[in-house]
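Computed from a predicted structure; not experimentally measured. The sequence lines fix the lettering, A, B, ..., with proteins before strands; numbering per chain opens at 1.
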There are 2 protein chains.
Amino acid sequence: MTEQSSPQPLSPTLFDDPDCAGSPSRPLRVGGKWTAVVLRCLEDGAPRRFSELRVPLHWITPKVLTETLRSMERDGFLTRTAHDENPPRVEYALTDLGRSLLTPLDAACAWTRAHAPEITEARAAYERAAP
Amino acid sequence: MTEQSSPQPLSPTLFDDPDCAGSPSRPLRVGGKWTAVVLRCLEDGAPRRFSELRVPLHWITPKVLTETLRSMERDGFLTRTAHDENPPRVEYALTDLGRSLLTPLDAACAWTRAHAPEITEARAAYERAAP
DNA sequence: CCGAATCCTTGTGGATACTG
DNA sequence: CAGTATCCACAAGGATTCGG
């Protein structure tokens, strides 16, 4: 098996940026576990290939990525374009609807970043009170 | 058992208002299934008792409500106040932190309402293409 | 290369019954 | 009233394998 070191993997729990790595509170989520991370991967508007998407997604298994992409396609968040070539090439890109989801997503992410310290402290206090 | 007709039950998938009843797309969620609904129940600032909370929550089972409240207390979203009386009385109320979560929550809810028709249409189109 | 098919593990939520 | 304690069902995520 090929040795892989995902460069800057995004977290499954979404709304994370690197800062939230410890991920205080399961933050807001969209649909499945990976939906929002896919949104982040595609937010620059450039279409991406299946295998490209796996890299920043912690080497998510194909099955799970397929499921995620299918449901997002079904909901109109992205388009799937299969080019009839050999080797096959399939590209995914956000639709306007998908891009519009980034707005509430960013709001939620901002909230998480802003309040992560409070949550961490609240948890610590809770532990102190009830060990 | 007492016959109960929960008056205007809030949906588990959160961010719902009555309009989103059909709930296109699993919308954004906060932590567990019920977290955000509890936020909504407490958003007016008035403290509520355990049993009061069960009513608008579809008669959620005590176990699940307890879990939800515990995790929210732990994260500092609400406070739990046990009055030493008989019969016992326990009240839950949002903290400032919990209240602040309502902002991104409202944003997400607004997005869902605004785009629900598009999602519904996208799904219909998807079904037409791949029946 | 892009997935589909299969099987398995886990987490989350829920039903029911019982207690301080 | 406000929970615990058990047991259970199911969906989601994941590993592995196979196919176009």
For this session: Take atom CG of B/Leu57 and atom C1' of C/dG13, then tell me their distance rounded to the nearest Å.
Result: 14 Å

Problem set entry | Lys/Arg N to Asp/Glu carboxylate O, A/Asp44 vs A/Arg48, below 4.0 Å | yes

Exercise. Over how many whole Å does the gap from B/Leu69 atom CG to C/dG13 atom P extend?
Worked result: 13 Å

Exercise. Are any of the side-chain nitrogens in A/Glu91 or A/Arg80 under 4.0 Å away from the carboxylate oxygens of its partner?
Worked result: no

Seminar exercise, completed: Whole-Å distance, B/Glu67 CD to D/dA2 P, equals 18 Å

Seminar exercise, completed: Taken to the nearest whole Å, CD/A/Glu52 to P/C/dC1 is 12 Å

Exercise. Nearest 0.5 Å, what's the CG-OG1 distance between B/Leu101 and B/Thr35?
Worked result: 9.5 Å

Problem set entry | Rounded distance (nearest 0.5 Å) linking atom OG1 of B/Thr81 with atom CZ of B/Arg49 | 12.5 Å

Seminar exercise, completed: Closest of C/dA4, D/dG3, C/dC2 to the B/Tyr92 side chain is D/dG3

For this session: Not counting sequence neighbours, which residues clear side-chain hydrogen bond (donor to acceptor under 3.5 Å, both in side chains) with B/Glu52? List them please.
Result: none

Problem set entry | side-chain N/O A/Trp34 vs D/dA12 OP1/OP2, d < 4.0 Å | no

Problem set entry | Phosphate-side-chain proximity, B/Ser51 and D/dA2, N/O vs OP1/OP2 below 4.0 Å | yes

Problem set entry | salt_bridge(A/Arg70, A/Glu67) N-O dist < 4.0 Å | no

Problem set entry | NZ/NE/NH1/NH2 to OD/OE distance under 4.0 Å, A/Arg123 and A/Glu118 | no

Exercise. Reckon B/Arg49 has a side-chain N or O less than 4.0 Å from the OP1 or OP2 of D/dA2?
Worked result: yes

For this session: Write down the distance between CZ (B/Arg70) and P (D/dG3), rounded to a whole number of angstrom.
Result: 6 Å

Seminar exercise, completed: Residue set satisfying side-chain hydrogen bond (donor to acceptor under 3.5 Å, both in side chains) with A/Ser100, at least two apart, ordered chain then number -> B/Trp111

For this session: Remember a base hit wins even if backbone is also touched, and classify B/Val90 as base, sugar-phosphate or nothing at under 4.0 Å, heavy atoms.
Result: sugar-phosphate

For this session: For DNA chain D, determine which residues of residues 79-89 of chain A have any heavy atom closer than 4.0 angstrom to one of its atoms, and list them numerically.
Result: A/Pro88

Problem set entry | Residues that A/Asp84 engages under side-chain hydrogen bond (donor to acceptor under 3.5 Å, both in side chains), provided they are two or more places apart | none

Exercise. Just how far, in rounded Å, is P of C/dA4 from CG of A/Leu65?
Worked result: 11 Å

Problem set entry | Nearest-Å distance for atom pair CG/P, residues B/Leu53 and D/dG3 | 10 Å

Seminar exercise, completed: Taking five pairs at each terminus, the helix from C/dC1-D/dG20 to C/dG20-D/dC1 shows an axis bend, to 10°, of 40°

For this session: Indicate yes or no: does B/Asp106 engage B/Arg113 in a salt bridge with an N to O separation below 4.0 Å.
Result: no

Seminar exercise, completed: One should read off an interatomic distance between B/Leu94 CG and B/Leu102 CG, to the nearest 0.5 angstrom, of 6.5 Å

Exercise. How far does CG of A/Leu78 sit from CG of A/Leu39, to the nearest 0.5 angstrom?
Worked result: 8.0 Å

Short heteroatom pairs, N/O only, protein and nucleotides 15-18 of chain C, under 3.5 Å:
none

